[in-house]
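Proteins get letters first, then strands, A, B, ... in listed order; numbering begins at 1 in each. Every heavy atom of this structure was used, including side-chain atoms; hydrogens, water molecules and symmetry mates were not.
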Amino acid sequence: MADNQQVVYLGFPGERPDDVYKLLRLPKDVAIADHGVPPTLVRAVTLMLNKAVPLPARDYQLRGTDFQHRVWAALRAIPRGQTRTYTDIARAIEQPTAVRAVAHAVATNPLPLVVPCHRVVPAAGGVGQYRGGSKLKAFLLSREGVNPVKYN
DNA sequence: TCCCCCCGATTAT
DNA sequence: ATAATCGGGGGGA
């Protein structure tokens with residue numbers, strides 16, 4: 001069981017265990033261990049964060065509802081360095097009026113950067129909000145070469 | 001620009 | 001079963 005562990009969640013600085021339980025819908029009787037993560041996984045994640053090396057599919061698992069999976073799949077189709085609006089994503093999953101629900105699904109993405117939720121921006125301009133802070137979202141976008149994002 | 005109301009999925013009560 | 005929430009959007013004042 002130790003040789004095939006998968007990443008299920010990537011948090012942001014300052015996040016609390018409560019947040020993790022909510023986002024993953026974990027039963028309260030499930031314990032979270034902060035140790036014992038295989039070094040190979042740590043290395044793979046580090047490579048992704050620092051060098052934009054994609055995390056191998058076998059190294060992570062997305063947990064969520066059908067709707068969330070559809071939204072997240074649409075996010076993963078966004079090429080590095082590009083952005084889409086929440087409306088774009090809604091259209092992509094063929095539920096053009098579910099913009100608000102899309103935003104909610106994007107907001108609950110358990111694997112930021114693996115699933116590039118930072119590439120979804122408001123149609124009105126700006127970077128929009130981000131679990132890790134708008135500032136971080138702006139940084140991630142600029143790191144990908146996305147042009148000077150306006151206000152926010 | 002600001003305000004207000006709508007939107008759909010999910011969670012809370 | 002109903003209310004509240006949420007990383008948005010569009011129209012009107």
Could you work out which one of [options] sits closest to the side chain of [X]?
X	options	value
A:Pro122	C:dG9, B:dT10, B:dC7	C:dG9
A:Thr97	C:dG7, B:dC7, B:dA12	B:dC7
A:Ala98	C:dG7, C:dG9, B:dG8	B:dG8

TODO: Tell me what A:Val106 touches on the nucleic acid: a base, only sugar-phosphate, or nothing, going by heavy atoms under 4.0 Å.
DONE: base
Practice prompt. Remember a base hit wins even if backbone is also touched, and classify A:Tyr86 as base, sugar-phosphate or nothing at under 4.0 Å, heavy atoms.
Written response: base
Note: for A:Thr87 and A:Ala101 on DNA chain C, the residue whose nearest nucleotide lies more 5' is A:Ala101
How close or far is atom [atom2] of [N] from atom [atom1] of [X], stated in whole angstroms?
X	N	atom1	atom2	answer
A:Lys22	C:dT5	NZ	C1'	10 Å
A:Asp88	C:dG7	CG	P	19 Å
A:Gln68	C:dC6	CD	C1'	13 Å
A:His104	C:dG9	NE2	P	16 Å
A:Arg119	C:dG8	CZ	C1'	21 Å
A:Phe67	B:dT10	CZ	P	7 Å
A:Arg100	C:dT5	CZ	P	12 Å
A:Arg131	C:dG7	CZ	P	10 Å

Review point. Is A:Asp18 atom CG crowded by more than 12 heavy atoms from other residues, nucleotides or ligands, each under 6.0 Å away?
Key: yes
Paired to B:dC7 by Watson-Crick or G-U wobble criteria (both distances under 3.5 Å) is none
Answer for the Watson-Crick or wobble partner of C:dG7, both distances under 3.5 Å, is none
Could you tell me the separation between the [atom1] atom of [X] and the [atom2] atom of [Y], rounded to the nearest 0.5 Å?
X	Y	atom1	atom2	result
A:Leu140	A:Leu49	CG	CG	9.5 Å
A:His118	A:Lys137	NE2	NZ	9.0 Å
A:Leu41	A:Arg58	CG	CZ	11.5 Å

Residue-phosphate contact under 4.0 Å: A:Gln95 side-chain N/O, B:dA9 OP1/OP2
yes
Could you check whether A:Asp88 pairs with A:Arg91 (Lys NZ or Arg NE/NH1/NH2 to Asp/Glu carboxylate O, under 4.0 Å)? yes
